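What follows is one structure encoded as structure tokens, with my remarks underneath.
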There are 2 protein chains.
Amino acid sequence: MIKLLLADDQALVRGAMAALLDMEPDIKVVAEVGRGDQVLPAARDHDVDVALLDVEMPGIDGVAAARELHKHLPAVRVLMVTTFGRAGYLRQAMAAGASGFIVKDTPARQLADAVRRVHEGLRVVDPDLAAQSLAQGESPLTEREADVLRAARDGGTVADIARALRLSEGTVRNHLSSAIGKTGARTRAEAVRLALDNGWLLS
Amino acid sequence: MIKLLLADDQALVRGAMAALLDMEPDIKVVAEVGRGDQVLPAARDHDVDVALLDVEMPGIDGVAAARELHKHLPAVRVLMVTTFGRAGYLRQAMAAGASGFIVKDTPARQLADAVRRVHEGLRVVDPDLAAQSLAQGESPLTEREADVLRAARDGGTVADIARALRLSEGTVRNHLSSAIGKTGARTRAEAVRLALDNGWLLS
DNA sequence: TTTGAACCCTGACAGATGTCATGGCGGGGA
DNA sequence: TCCCCGCCATGACATCTGTCAGGGTTCAAA
């Protein structure tokens, strides 16, 4: 019997996935959480075998939660699930110790199988996504450039970003310019979107 | 027995919700589709009682699909589901003939109940969302301003927007300026974000 | 030890952006 | 009918952005 932890911020899909997986005779959902920072405590309390983590969650994101699990409870296998096929997420999730990575586009019947494979110690990765990830390579952005793009996400001015990051406006402009160049964008907003789509702005 | 149509672009959550609802003795999922433009044909083919529609879908969005259903198959009750609690969506969904509107944050056990209520002809609306929608009022943006913001969504320049909409650059700047003023933003990007959050940029 | 990469800053400049004043057009509502 | 509002446009203006050329520090690898 595989003891499963389910983490997703949307109660409806969390409950629905629980219903789906509880139909399997060899899987039992022993814990459900809606925040990333509840993953580790819940996994500890319920002696979990496999954790099914969404990437986008309040508290800490799924990748960071996977990192925590891998560090403190290395016996727990992690299967990441995400809405978008952002290839950058895949790389970071694997680096964080995840055993599998699937997108929410995959047919529902394959989910239980993925859980079983991960439990057996196998790796489960969407092949298209893996190819895309390899082709795309790692993030070209330096940490500071990513910081600046993150701060620019909701449309503030250079002055806002500089204040938030305790930098001079000139420095912010330089980082932005560099990030725009590296992403091939023509605008700050476009650079933010591209970096986001590629999964380059995670923690 | 309530015959249900399920429309969501993510196969995994679609399948999971089907599993959840099929556990109910009085509900039967008779059709599943992943695109907005498949909703009407599928509803026709399967003599559906209730349609559970996600707002964000490829093809046409859920609100437009609801409009189609209401026009061609008025007997079908529509229950909208969405990820975000964007109050503007609620107003437009109800105007499109939907009988209910719930967010994916609601507990899974309430879903079947919502389906039953909608089937009985009752209205189902998240109270918080309804209050927010009333407080927020309708979109202050004129159609053209919304067009311009939509075109500005992925970070193009004024010249790009002008080309896409066949307008002069000056006009685009005027509409943008007006939209920025109305939304209380200080930047184009901020205005886009605010309008998006409020659901003012639907079709 | 030298080199390079990442980080921070300054200053200057062209071009893009946001604002404003102004005017013409069409379709309601008073 | 006249007037107001949404729409389109022009031109001018101050400000903001993105780019470039500098020059500084720290740290790790060669």
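Proteins get letters first, then strands, A, B, ... in listed order; numbering begins at 1 in each. The structure presented is a predicted model; accordingly, all values stated were derived computationally and were not measured. These numbers come from the heavy atoms of this one structure, side chains and all, not from hydrogens, waters or symmetry mates.
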Nearest whole Å is fine: how far is [N] [atom2] from [X] [atom1]?
| X | N | atom1 | atom2 | answer |
| --- | --- | --- | --- | --- |
| His175(B) | dT17(C) | NE2 | C1' | 16 Å |
| Leu165(A) | dC8(C) | CG | P | 8 Å |
| Leu167(B) | dT10(D) | CG | P | 11 Å |
| Glu145(B) | dC5(D) | CD | P | 14 Å |
| Ile161(A) | dC9(C) | CD1 | P | 14 Å |

Expected output: side-chain [X] to main-chain [Y] donor-acceptor under 3.5 Å:
| X | Y | result |
| --- | --- | --- |
| Glu145(A) | Thr142(A) | yes |
| Ser168(A) | Thr171(A) | yes |
| Asp54(A) | Asp9(A) | no |

Would you check if Leu5(A) and Val50(A) make a side-chain contact, meaning some heavy-atom pair closer than 4.5 Å?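 Heavy-atom side-chain distance check fails, nothing below 4.5 Å.
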- Does a side-chain heavy-atom distance below 4.5 Å link Lys71(B) with Glu68(B)?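 Sidechains of Glu68(B) and Lys71(B): no contact.
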Check your understanding: For Arg117(B), does the CZ atom sit with more than 12 other heavy atoms under 6.0 Å from it, leaving out its own atoms?
Key ->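 Result for CZ/Arg117(B): open.
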With B for base contact, S for sugar-phosphate-only contact and - for none (protein heavy atoms under 4.0 Å), nucleotides 16-30 of chain D reads -BBBB----------
Describe the nucleic acid contact of Thr142(A) in one word from base, sugar-phosphate, nothing, applying a heavy-atom distance below 4.0 Å.
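Since only primed, P, OP1 and OP2 atoms lie under 4.0 Å of Thr142(A), the category is sugar-phosphate.
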According to a strict under-4.0 Å criterion, is Thr171(B) in side-chain N/O contact with OP1 or OP2 of dC7(D)?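 No, outside the criterion.
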